[in-house]
Amino acid sequence: MLYYRYRPINELSLKELRYGEMYFSSTKENNDPYDGKVFLLYNFDEEKWKRLFERAWQNVKLPKDLLSQIAMDLAKIVVKNNPKTYEDVKTFDFQKALLLSYPQTGTLGSYNLDLCIKKFIEIYKPEHSYTVSFSKVNDNILMWSHYASQHKGYCLIFKDFDGYLYQDEFNKVTSMKNLIIGDRFPFKDVIYVPECQLIDASRFMPRISDIKFESEDERIAFCNENEAKCLEKHTCWEYEEESRLLLHTAPAWITGKHIEYTKEERLFYYKPTQLVGIILGALMDNETKDRVKEIIRKNNHKIGENHKEGALFDFVLFEACMFNDRRDVCVQPSEIYSFGDIITKEDKDFDSRYNDWKKGKALVLNGHRGGKIEYYP
């Protein structure tokens, strides 16, 4: 399958193209303020709240019997007041409730118990993943306008390998801040929903939840359901037909705090042979076109020299154009870069090579000079 990544035209995006970079954005850097937000529901019964308080206070130096009794009584108060969302719980005045029921805890003691609850809630909220965004469409006017410098930029074309985008083997990151990172990232489709659905917060609290797994398959399905909530966006974004790569961090309940990656840590390099084409924007100026083509020629020459094994695809350059009789964008192939040769539309082999490219045909090398031509779905 082909995935499209719209890019603006500036020095940073040209650097990304030149070196095969992909930058994972934080939720704060994305244009949707709700991006990645999981709407948590704390509709707990008294027993769940009691277990939560006891876990939050496990290091508090008070008799366990007393803490258990305080937890039971506080749970009744909280259920009666019914805080529902994460924000409700974070702003709930547990200290006031504690002082009313157990004045002997004192101002400092009740404040400490309140603080432990808030820290526990914070630790067990879902991690925000970092993302790289792609689209399944290459001719959407809004996408070109919003993400490609008002049609002056370009759109990269990636081919997945079994649903994944692989890291460049010479610039691979395998681990970072207590988390193992594989050599590939799966493409994940964004899910568009008209309304947000609140999700039981205890799903993210292993020792609070009543959930038990009968098999490993059930556990994996449970984790996938939780991840899917992080992929939800409002239906107003549906025109983007977005797919994403996700970069996770280690869960805070393991590390003791929420981990953030620096911008440098979020810079990765993709397998160069998976970039199989580019679309130049309809309003891109000739000077920029020449510069982009120069980068492509150099990149493909380097791939042809260094590639020893695996699938090697032709690289197709497309040009977008606009119409005079309707509001639409047309994408047409204009050149094929074949690791040494540049095939233009005037060449007799152009149509057949382009049709082979559309079918996913590749030169598959076996580590020697020889190779074979085959389809690579």
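Here the structure is a predicted model, which means the values were calculated and not measured. Each residue takes its place number in the sequence, starting with 1.
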Nearest 0.5 Å, what's the [atom1]-[atom2] distance between [X] and [Y]?
X      : Y      : atom1 : atom2 : answer
Asp88  : Asn82  : CG    : CG    : 8.5 Å
Phe187 : Tyr164 : CZ    : OH    : 11.5 Å
Asp200 : Met205 : CG    : CE    : 9.0 Å

Task: Members besides Phe39 in its Ile/Leu/Val/Met/Phe/Trp/Tyr cluster (side-chain heavy atoms under 4.5 Å) - done: Tyr34, Leu41, Leu198
Task: Derivation of the side chain to side chain contact (heavy atoms under 4.5 Å, CB included) call for Ile117 and Leu74 - done: CA-CA 12 Å; Ile117 296 170; Leu74 183 59; 4.0 Å; yes
Looking at the rings of [X] and [Y], which for Trp means the six-membered one, are their centres under 6.0 Å apart?
X      : Y      : result
Phe185 : Phe24  : yes
Tyr6   : Trp144 : yes
Trp49  : Phe92  : no
Tyr269 : Tyr19  : no

Taking the basic N atoms (NZ, or NE/NH1/NH2) and the acidic carboxylate oxygens, is any pair closer than 4.0 Å for [X] and [Y]?
X      : Y      : value
Arg5   : Glu21  : no
Asp114 : Lys118 : yes
Lys345 : Glu335 : no
Asp285 : Arg291 : no
Lys298 : Glu294 : yes
Lys289 : Glu319 : yes
Lys361 : Asp314 : no
Glu11  : Lys15  : no

TODO: Go through Glu29 and Tyr23 one step at a time and tell me if the side chain to side chain contact (heavy atoms under 4.5 Å, CB included) criterion holds.
DONE: CA-CA 11 Å; Glu29 292 170 317; Tyr23 175 74; 2.9 Å; yes
- [ ] Apply the test side-chain hydrogen bond (donor to acceptor under 3.5 Å, both in side chains) to residues Ser68 and Glu54: give CA-CA distance (whole Å), side-chain angles for both, the deciding distance (0.1 Å), then the verdict.
- [x] CA-CA 7 Å; Ser68 180; Glu54 288 175 338; 3.1 Å; yes
Main chain of [Y], side chain of [X]: is a donor-acceptor contact present, judged purely on distance under 3.5 Å?
X      : Y      : answer
His151 : Ala282 : no
Asp347 : Phe350 : no
His258 : Glu122 : yes

TODO: Sort out for me which residue in Phe53, Tyr42, Phe44 forms a side chain to side chain contact (heavy atoms under 4.5 Å, CB included) with Val78.
DONE: Phe53
Task: side chain to side chain contact (heavy atoms under 4.5 Å, CB included) between Leu275 and Ile157, worked out - done: CA-CA 6 Å; Leu275 180 64; Ile157 306 173; 5.5 Å; no
Task: Criterion side chain to side chain contact (heavy atoms under 4.5 Å, CB included) on Thr174 and Ile180, from CA distance to verdict - done: CA-CA 6 Å; Thr174 57; Ile180 301 299; over 6 Å; no
